[in-house]
Engineer: 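Have a look at this one.
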There are 2 protein chains.
Amino acid sequence: MGRTSDAKERLLDAAFDLIWTNSYGAVGVDQICEQAGVNKGSFYHFFPSKSDLALATFEDQWNRRRPEFDAMFSPLVPPLERLDRWCAFILGIQRTMARRFGQVCGCPFVNVGTELGTQDVRLRDKVAELFSRSQQYLESALRDAMAVALIPEGDAAGLARMIHALSLGLQVQAKVANDPELLGVLAPAIRRLLGIPSDT
Amino acid sequence: MGRTSDAKERLLDAAFDLIWTNSYGAVGVDQICEQAGVNKGSFYHFFPSKSDLALATFEDQWNRRRPEFDAMFSPLVPPLERLDRWCAFILGIQRTMARRFGQVCGCPFVNVGTELGTQDVRLRDKVAELFSRSQQYLESALRDAMAVALIPEGDAAGLARMIHALSLGLQVQAKVANDPELLGVLAPAIRRLLGIPSDT
DNA sequence: TCCAATGTGGACCGATCGGTCAAGTATTCG
DNA sequence: CGAATACTTGACCGATCGGTCCACATTGGA
């Protein structure tokens with residue numbers, strides 16, 4: 001009962017894009033509303049605050065990306081190829097954003113996590129949660145790789161965290177240098193970390 | 001001629017601390033002035049804009065830290081120990097900030113670089129420059145390590161970038177998890193990356 | 001059909017934002 | 001001493017901030 005609307009989705013979309021390409025602090029509620037084609041009254045009908053919108057945005061984006069991740073890390077894909085696909089995925093995203101926007105945007109979760117980490121505990125915790133989910137995919141791939149002796153046995157969770165850190169750091173470097181191609185070293189770097197000799 | 005003052009230094013100090021522990025956007029000019037015990041008029045006597053202050057702050061901080069870096073990476077220190085000292089340095093800073101402030105603050109340059117990377121080119125370029133300087137220290141240590149065959153010959157610059165990325169990523173993870181001890185894996189991760197078997 | 005629930009429009013709020021300005025005070029040099 | 005310079009003071013500006021409010025439009029279920 002009551003009327004229906006897709007304003008909430010439009011707000012989630014607009015907010016994520018604007019915050020990703022700018023920053024949480026630099027994007028105003030008015031701006032988000034304008035881009036979403038929604039009035040301020042409606043905004044606060046759906047979300048109690050700007051921070052709540054950001055929170056919802058993150059969960060929403062994750063859910064949207066999840067099928068892609070599940071496919072990438074499918075147990076049917078050879079373990080090391082899963083990692084390669086993941087590297088290609090990240091590189092692809094940063095390339096696309098850089099081309100569309102003229103500027104490497106980096107990882108949206110890192111951006112907000114570092115900006116608001118000391119100010120908004122809920123947002124910080126949400127980013128930590130999303131990080132943990134990413135690492136679970138990596139960890140699972142690493143364990144499968146160990147099972148078939150593609151890499152030596154070891155602390156899969158710890159390794160996953162290292163690989164994840166590597167990717168975050170390279171994305172920061174790429175953003176600051178405004179060059180998505182810096183992410184090209186991600187895959188070889190991971191192989192180094194895993195002790196796999198490169199092909200060349 | 002004319003009167004003298006240390007207001008500029010106080011502004012640089014206050015600004016760096018406030019921006020590091022919060023974020024660029026969340027800290028106002030008024031707030032910086034209050035913490036520095038300086039009036040707004042004086043602020044704009046020394047700096048043309050908030051963004052210029054941030055820029056000056058970064059250069060200032062680097063110059064202050066430089067002797068520490070030069071000592072850490074002195075050619076008289078064995079190459080691999082330089083890297084260990086660097087890891088300990090980063091861990092120490094994050095621990096101190098976390099204890100003093102109740103929250104891991106991460107790398108100040110990453111924080112601002114990711115927040116303003118798409119909005120303020122000068123700031124972005126400055127962060128890129130500081131990153132490059134850090135990598136030069138690492139690169140030099142790696143080359144020295146190669147010279148005495150502590151690690152296999154290879155692309156020192158590329159390896160330095162990977163190590164640097166690893167440290168940035170781990171700092172982001174530590175901030176978001178609010179646990180400085182996550183940086184404990186930095187040293188072992190670097191050894192892994194360099195292909196050095198761990199002691200254990 | 002009519003009502004209750006749901007979403008919309010947009011004016012409005014006090015606070016704060018980065019930045020300006022002009023008059024005044026201290027200091028150093030000639 | 002006097003004038004040029006360097007710094008201080010604090011009131012002030014328009015714009016924008018996140019958030020509130022409420023009359024109104026639209027809808028689905030009974």
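Note on naming: letters A, B, ... go to the chains in the order of the sequence lines (proteins, then strands), and numbering restarts at 1 for each one.
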Engineer: Applying side-chain hydrogen bond (donor to acceptor under 3.5 Å, both in side chains) as the test, list every pair that has at least one member in residues 17-29 of chain B; sequence neighbours left out.
Structural biologist: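 Listed by first then second residue: Gln119(A)-Ser23(B).
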Engineer: Please give the angle, rounded to 10 degrees, between the axes at the start and the end of the helix from dT1(C)-dA30(D) to dG30(C)-dC1(D), where five pairs define each axis.
Structural biologist: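 The angle, to the nearest 10 degrees, is 10°.
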Engineer: Determine which pairs satisfy salt bridge (charged side-chain N to carboxylate O under 4.0 Å, His left out) with at least one residue from residues 95-111 of chain B, sequence neighbours left out, and list them in order.
Structural biologist: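 Sorted result for residues 95-111 of chain B: Arg95(B)-Glu181(B).
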Engineer: Of all residues at least two apart in sequence or in a different chain, which pass the side-chain contact (heavy atoms from CB on, under 4.5 Å) check with Ala98(B)?
Structural biologist: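 So Ala98(B) forms a side-chain contact (heavy atoms from CB on, under 4.5 Å) with Val104(B), Pro180(B).
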Engineer: Taking CG from Leu11(A) and C1' from dG7(C), how many angstroms apart are they, rounded to a whole number?
Structural biologist: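 My rounded result for the distance is 12 Å.
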Engineer: Please list, one pair per line, the donor and acceptor atoms closer than 3.5 Å that link side chains of residues 33-45 of chain B to other protein atoms, with sequence neighbours excluded.
Structural biologist:
from, atom 1, to, atom 2, distance (Å)
Lys40(B), NZ, Asp30(B), OD1, 3.1
Lys40(B), NZ, Asp30(B), OD2, 3.4

Engineer: Suppose we screen for salt bridge (charged side-chain N to carboxylate O under 4.0 Å, His left out). Which residues come up paired with Asp6(A), at least two apart in sequence or across chains?
Structural biologist: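 Salt bridge (charged side-chain N to carboxylate O under 4.0 Å, His left out) check on Asp6(A) returns Arg10(A).
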Engineer: dG7(C) C1' sits how many Å from Phe47(A) CZ, rounded?
Structural biologist: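 To the nearest whole Å, that distance equals 13 Å.
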Engineer: What is the distance, rounded to the nearest whole Å, between atom CZ of Phe43(B) and atom P of dC21(C)?
Structural biologist: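 Nearest whole value for this atom pair: 16 Å.
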Engineer: Could you give the CD1-to-C1' distance, from Ile32(A) to dG19(D), as a whole number of Å?
Structural biologist: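 To the nearest whole Å, that distance equals 13 Å.
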Engineer: Phe131(B): which residues meet the ring-ring contact (aromatic ring centres under 6.0 Å, His included) condition with it, sequence neighbours left out?
Structural biologist: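 For Phe131(B), the residues satisfying ring-ring contact (aromatic ring centres under 6.0 Å, His included) (neighbours in sequence not counted) are His164(B).
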Engineer: With sugar-phosphate meaning primed atoms plus P, OP1 and OP2, does Ser5(A) contact a base, only sugar-phosphate, or nothing at under 4.0 Å between heavy atoms?
Structural biologist: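 Touches sugar-phosphate only.
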Engineer: For nucleotides 15-18 of chain C, print each protein N/O atom paired with a nucleotide N/O atom at under 3.5 Å, atom names and distance only.
Structural biologist:
from, atom 1, to, atom 2, distance (Å)
dG18(C), OP1, Lys50(B), NZ, 2.7
dG18(C), OP2, Val29(B), N, 2.8
dG18(C), N7, Lys40(B), NZ, 3.1

Engineer: Both conditions, 6.0 Å and 45 degrees, for the charged tip of Lys126(A) above the ring of Phe109(A): are they met here?
Structural biologist: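 The answer is no; the distance or angle limit is not met.
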Engineer: Using salt bridge (charged side-chain N to carboxylate O under 4.0 Å, His left out) as the criterion, list what pairs up with Arg85(A), not counting sequence neighbours.
Structural biologist: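 In terms of salt bridge (charged side-chain N to carboxylate O under 4.0 Å, His left out), with neighbours along the sequence ignored, Arg85(A) is linked to Glu81(A).
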Engineer: Linking I/L/V/M/F/W/Y whenever any side-chain heavy atoms sit under 4.5 Å apart, do Leu150(A) and Leu193(A) land together?
Structural biologist: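 In one cluster with Leu150(A): Leu193(A), yes.
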Engineer: Suppose we screen for side chain to side chain donor-acceptor pair (under 3.5 Å). Which residues come up paired with Asn63(B), at least two apart in sequence or across chains?
Structural biologist: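 Partners of Asn63(B) under the side chain to side chain donor-acceptor pair (under 3.5 Å) test: none.
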Engineer: Could you write nucleotides 22-30 of chain C as a row of B, S and -, 5' to 3', where a protein heavy atom under 4.0 Å of any base atom gives B, of only sugar-phosphate atoms gives S, and otherwise -?
Structural biologist: --BBBBSS-
Engineer: Any salt bridge (charged side-chain N to carboxylate O under 4.0 Å, His left out) involving residues 101-123 of chain A? Give me the pairs, sequence neighbours left out, ordered by first then second residue.
Structural biologist: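 For residues 101-123 of chain A, and leaving out neighbouring residues, the salt bridge (charged side-chain N to carboxylate O under 4.0 Å, His left out) pairs sorted by first residue read Asp52(A)-Arg122(A).
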Engineer: Please classify the nucleic acid contact of Phe46(A) as base, sugar-phosphate, or nothing, using heavy-atom distances under 4.0 Å.
Structural biologist: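 Sugar-phosphate, backbone atoms only, no base.
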